[in-house]
> 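Starting off with a structure, shown below.
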Amino acid sequence: MSAEECISEQVRNRGIPVSVLARKTGLNYQPLKKSLQGKRLLRSNELLPLAAYFGLTLDDLYHSGEGGREA
């Protein structure tokens, strides 16, 4: 699972609107929305605030499909 898929799953599971996530993390809405739709890769400077918001590490984001993290 990619970092984008992991974040998208968190958003879906927690029922968080992308607009709220963008505002709370200080990220721009449109690029974030595109990333969560799989149309754009998240930038390195976007990963830290997203991981922090969900209480995840960067390792969690990149190894979430390997059984190392529970949802």
Side-chain angles (χ1 to χ4, degrees):
M1 179 181 296
S2 70
E4 292 80 13
E5 291 169 329
C6 180
I7 295 295
S8 183
E9 182 178 283
Q10 292 291 323
V11 168
R12 207 173 30 258
N13 289 344
R14 298 178 190 209
I16 300 167
V18 177
S19 59
V20 171
L21 181 61
R23 186 172 52 252
K24 298 242 180 193
T25 58
L27 299 175
N28 290 323
Y29 171 76
Q30 284 298 331
L32 179 58
K33 182 179 174 184
K34 287 182 181 182
S35 294
L36 298 180
Q37 292 173 337
K39 298 177 181 178
R40 172 186 177 274
L41 294 176
L42 287 165
R43 307 294 193 259
S44 58
N45 64 322
E46 297 167 326
L47 291 172
L48 282 175
L50 290 168
Y53 180 83
F54 290 111
L56 303 170
T57 66
L58 292 180
D59 194 50
D60 292 332
L61 293 179
Y62 284 104
H63 297 99
S64 60
E66 297 175 12
R69 181 188 63 83
E70 294 181 25

> Roughly how far apart are Ile7 CD1 and Arg12 CZ, rounded to 0.5 Å?
11.5 Å
> Nearest 0.5 Å please: distance from the CD atom of Gln30 over to the CG atom of Leu32.
10.0 Å
> Could you pull out the closest heavy-atom pair between Tyr29 and Ala22, with the gap in Å?
CA-CB, 3.9 Å
> Which pair of heavy atoms, one from Asp60 and one from Cys6, lies closest together, and at what distance?
O-SG, 4.4 Å
> Please report the shortest heavy-atom distance between Ala3 and Leu47, naming the atom on each side.
CB-CD2, 4.0 Å
> Provide the closest heavy-atom pair for Leu50 versus Leu42 in the form atom of the first, atom of the second, distance.
CD1-CD2, 3.8 Å
> Rounded to the nearest 0.5 Å, what's the gap from CD on Glu9 to CZ on Arg14? Could you check?
10.5 Å
> At what distance, to the nearest 0.5 angstrom, does CG of Leu41 lie from CD of Glu46?
10.0 Å
> Minimum heavy-atom separation for Tyr53 to Lys24, with atom names?
CE1-CB, 3.7 Å
> Nearest 0.5 angstrom please: Leu48 CG to Leu56 CG, how far?
11.5 Å
> Quick one: does Glu4's side chain have a donor or acceptor within less than 3.5 Å of a partner on Arg40's backbone?
no
